[in-house]
Number of protein chains: 2
Amino acid sequence: MKKLPAQPVNGLIDGLEVLQELAVSRSPVSCKALSEKLNIELTRMNRILKTLDYLGIAYRTQDRKYKSGPGIHVLAIQSMLGSGLFSKALPVLESLQKYGHVVALGVLWKDTVSYLYHHKPDMSAYEAIASLSLYPATQSSIGMALLSEKENDEIKELYNGKIIPGYRTDYKNISELMDEIEKIRHQEYAALTKKGVISIAVKLGSPAYAAIAVSGKISANEVTEYVSILSEAAEKI
Amino acid sequence: MKKLPAQPVNGLIDGLEVLQELAVSRSPVSCKALSEKLNIELTRMNRILKTLDYLGIAYRTQDRKYKSGPGIHVLAIQSMLGSGLFSKALPVLESLQKYGHVVALGVLWKDTVSYLYHHKPDMSAYEAIASLSLYPATQSSIGMALLSEKENDEIKELYNGKIIPGYRTDYKNISELMDEIEKIRHQEYAALTKKGVISIAVKLGSPAYAAIAVSGKISANEVTEYVSILSEAAEKI
DNA sequence: CATATAAATTGCTATAATAGCAATATGAAA
DNA sequence: TTTCATATTGCTATTATAGCAATTTATATG
């Protein structure tokens, strides 16, 4: 369980929250709107935004609204280059396409999976990468594989009092989820079935920082085979 | 010229500097090493790192070193989804490949260009995207096109007392650069020639937030034609 | 062009956060 | 187990900042 330092850097916490809000906004947002949405007092919001603008991480438009700036793209690129995850994984993921199923790579973020790559059969390479998206973790084999790496307490806290997508909606939802997590830990891969489509995921790295998956009309007795294929692929990344 | 607010958020400024340093590091870095490299007092560095780790933006390894965490990828994806730049631009850039030259899209960051896309002929789609990189702005047509959008004072300050890649190395380097900038402003496109290769770039948006370029063995009398092609492409993004 | 209005931004100061030193805790190596 | 290096905390004097009110900025309207 991650803990804050004795003296957290509060400006950084709030600033990154604002930055994330800018990142998900489809159009520029005003200082006032952000202040209300994030429940941060107006003056403080103004200071955060102008600081981000000064750094080039945000961009202040002519009509005094803010959107994400070039700095965030640079940071994104630098992080991908630095981690080497993308460049190492792409050729390996490409080689998995020959099985004719969906191929994906993703990371876990809170209760969502963030797909860095999601390729459907007959999709162009650009589309696979440009189809960057977020998805509920509990409805994704990648999400479930990565959730299984967390401490039970962490998982319970993450979903406490919330609706868990794909799970029962009463008070027993968490124990239902934990049963599935235990199963995944035992198997060392995650498999999800939905409408005749099976999705299988294995983790990358130890401790895992991402996961890769194959999904499609896979028969039950092919699962073990694909687990093996994915595990080999994971070794190469 | 961007100005800081009356009360800058200093924790945010320092925290993002640390984050960028993590992003460019190829391997996990210790608190002490970062403290020395960025000249931030050790205690403060520890607090920034643990705050970033808590947020999931950084990741603390078993041996107490830090690297970028899943949150940064998510932020990257969200910013690209939010801006729509990548998904809108990819099909257009793909259509430019038929001319058989290098096709690129980039943003300006300080004195570098950050390529979001850089496709050489006969390169696979994955390689074009996975070849994310940074390059000196003054040696890139994209960089020069975007620099020309800045105020003269800003450009002069950016390069004051520095070696300007591709320009003379004496005190007249800035005036040489400014002459080129004036020319680009007048033409409304940037063209650079190096070893028989011409690179042409036009800006995206107004004010410009990115630029696209074509480069290769282009004859001087084809330049106008490619400027026109690029400008049309820019209109579609 | 002048006026009104809404939003952004600053100045001020009481309050809260934090810088950094020294002490303590943690983890790896011998 | 001990040693050593690094990470982290507790403490408090110092500095930053929260937020209110005043001021500035920008846009719309007449």
Side-chain angles (χ1 to χ4, degrees), chain A residues 1-19 21-22 25-69 151 205-207, chain B residues 1-19 21-22 25-69 151 205-207:
Chain A
M1 180 57 79
K2 311 265 175 164
K3 17 174 329 209
L4 279 165
Q7 283 180 22
V9 185
N10 291 307
L12 182 55
I13 293 171
D14 292 341
L16 285 170
E17 187 187 13
V18 172
L19 182 54
E21 190 58 37
L22 285 183
S25 298
R26 294 289 165 136
S27 54
V29 203
S30 74
C31 178
K32 187 167 183 292
L34 280 166
S35 168
E36 284 164 2
K37 181 155 193 191
L38 299 182
N39 202 33
I40 295 178
E41 196 270 329
L42 186 57
T43 315
R44 179 154 174 77
M45 179 57 79
N46 174 263
R47 286 164 180 159
I48 289 169
L49 288 170
K50 294 213 72 173
T51 298
L52 289 171
D53 176 49
Y54 176 78
L55 295 173
I57 302 280
Y59 179 75
R60 186 172 181 275
T61 65
Q62 194 76 346
D63 57 347
R64 303 193 294 184
K65 297 186 178 189
Y66 292 84
K67 62 179 187 179
S68 48
E151 300 286 345
S206 189
Chain B
M1 178 60 76
K2 312 265 174 157
K3 13 173 331 204
L4 279 165
Q7 283 180 19
V9 185
N10 291 306
L12 183 54
I13 294 171
D14 292 342
L16 286 170
E17 186 187 13
V18 172
L19 182 54
E21 189 59 37
L22 285 182
S25 298
R26 295 290 166 134
S27 53
V29 202
S30 74
C31 180
K32 186 167 184 293
L34 280 165
S35 167
E36 284 165 0
K37 180 151 191 192
L38 300 181
N39 202 34
I40 295 177
E41 195 272 328
L42 187 57
T43 314
R44 178 153 177 76
M45 178 58 77
N46 173 263
R47 288 167 177 155
I48 289 169
L49 288 170
K50 291 212 74 172
T51 298
L52 290 171
D53 176 48
Y54 176 78
L55 295 172
I57 302 280
Y59 179 75
R60 186 173 179 273
T61 65
Q62 192 80 343
D63 56 348
R64 304 194 295 184
K65 296 188 179 187
Y66 292 84
K67 64 178 186 178
S68 47
E151 300 287 346
S206 187

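Per chain, numbering begins at 1; letters A, B, ... match sequence-line order. Computation of the quantities below employed the complete heavy-atom set of this structure, encompassing side-chain atoms and omitting hydrogens, waters and symmetry-equivalent molecules.
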Closest contact, heavy atoms only, B:Leu42 versus B:Cys31
CD1-SG, 3.8 Å

Does B:Asp63, at its CG atom, have more than 12 non-hydrogen atoms belonging to other residues, nucleotides or ligands within less than 6.0 Å?
yes

What nucleotide among D:dG19, C:dA8, D:dG10 has an atom nearest to a side-chain atom of B:Arg47?
D:dG10

Counting side-chain heavy atoms from C-beta on, which of D:dC11, D:dA7, C:dT9 comes nearest to B:Lys32?
D:dA7

If you check the A:Ala6 side chain, which of D:dT8, D:dT9, C:dG11 turns out closest?
D:dT9

Position toward the 5' end of DNA chain C (nearest nucleotide), B:Pro5 or A:Gly11:
B:Pro5

So, does A:Asn46 get its side chain near the phosphate of C:dT9, meaning an N or O under 4.0 Å from OP1 or OP2?
yes

Can you identify which nucleotide, out of C:dA8, D:dA18, C:dG27, has its nearest atom closest to the B:Arg64 side chain?
C:dG27

Can you check the B:Leu4 CG to C:dT9 P distance for me, whole Å?
13 Å

Can you tell which of D:dA7, D:dG10, C:dT10 lies closest to the side chain of B:Lys3?
C:dT10

Between CG of A:Asp14 and C1' of D:dT17 the distance, given in whole Å, is 12 Å

What's the CD1-C1' distance between B:Ile40 and D:dA7, to the nearest Å?
16 Å

Test log, rule side chain to side chain contact (heavy atoms under 4.5 Å, CB included), inputs A:Ile48 and A:Thr51
CA-CA 5 Å; A:Ile48 289 169; A:Thr51 298; 5.8 Å; no

Which of C:dT10, D:dT17, D:dT9 is nearest the side chain of A:Arg44? It is D:dT17

For B:Tyr66 and D:dA7, what is the distance between atoms OH and P respectively, to the nearest whole Å?
8 Å

For the side chain of A:Glu41, counting heavy atoms from C-beta on, which of D:dA7, D:dC20, C:dA22 is nearest?
D:dC20

To the nearest 0.5 Å, tell me how far A:Asn46 CG sits from A:Glu41 CD.
9.5 Å

Which residue, A:Gln7 or A:Ser30, contacts DNA chain C at a nucleotide closer to its 5' end, judged by nearest heavy atom?
A:Ser30

Without decimals, in angstroms, what is the distance between A:Leu12 CG and C:dA17 C1'?
14 Å

Rounded to the nearest Å, what distance is computed from the CE atom of residue A:Met45 to the C1' atom of nucleotide D:dC20?
18 Å

Exercise: identify the closest heavy-atom pair between B:Lys3 and A:Tyr54
C-CD1, 3.9 Å

Which whole-number value in Å describes the distance from A:Gln62 CD to C:dA7 C1'?
16 Å

Interatomic distance where CG belongs to B:Asn10 and P belongs to C:dT18 [whole Å]
10 Å

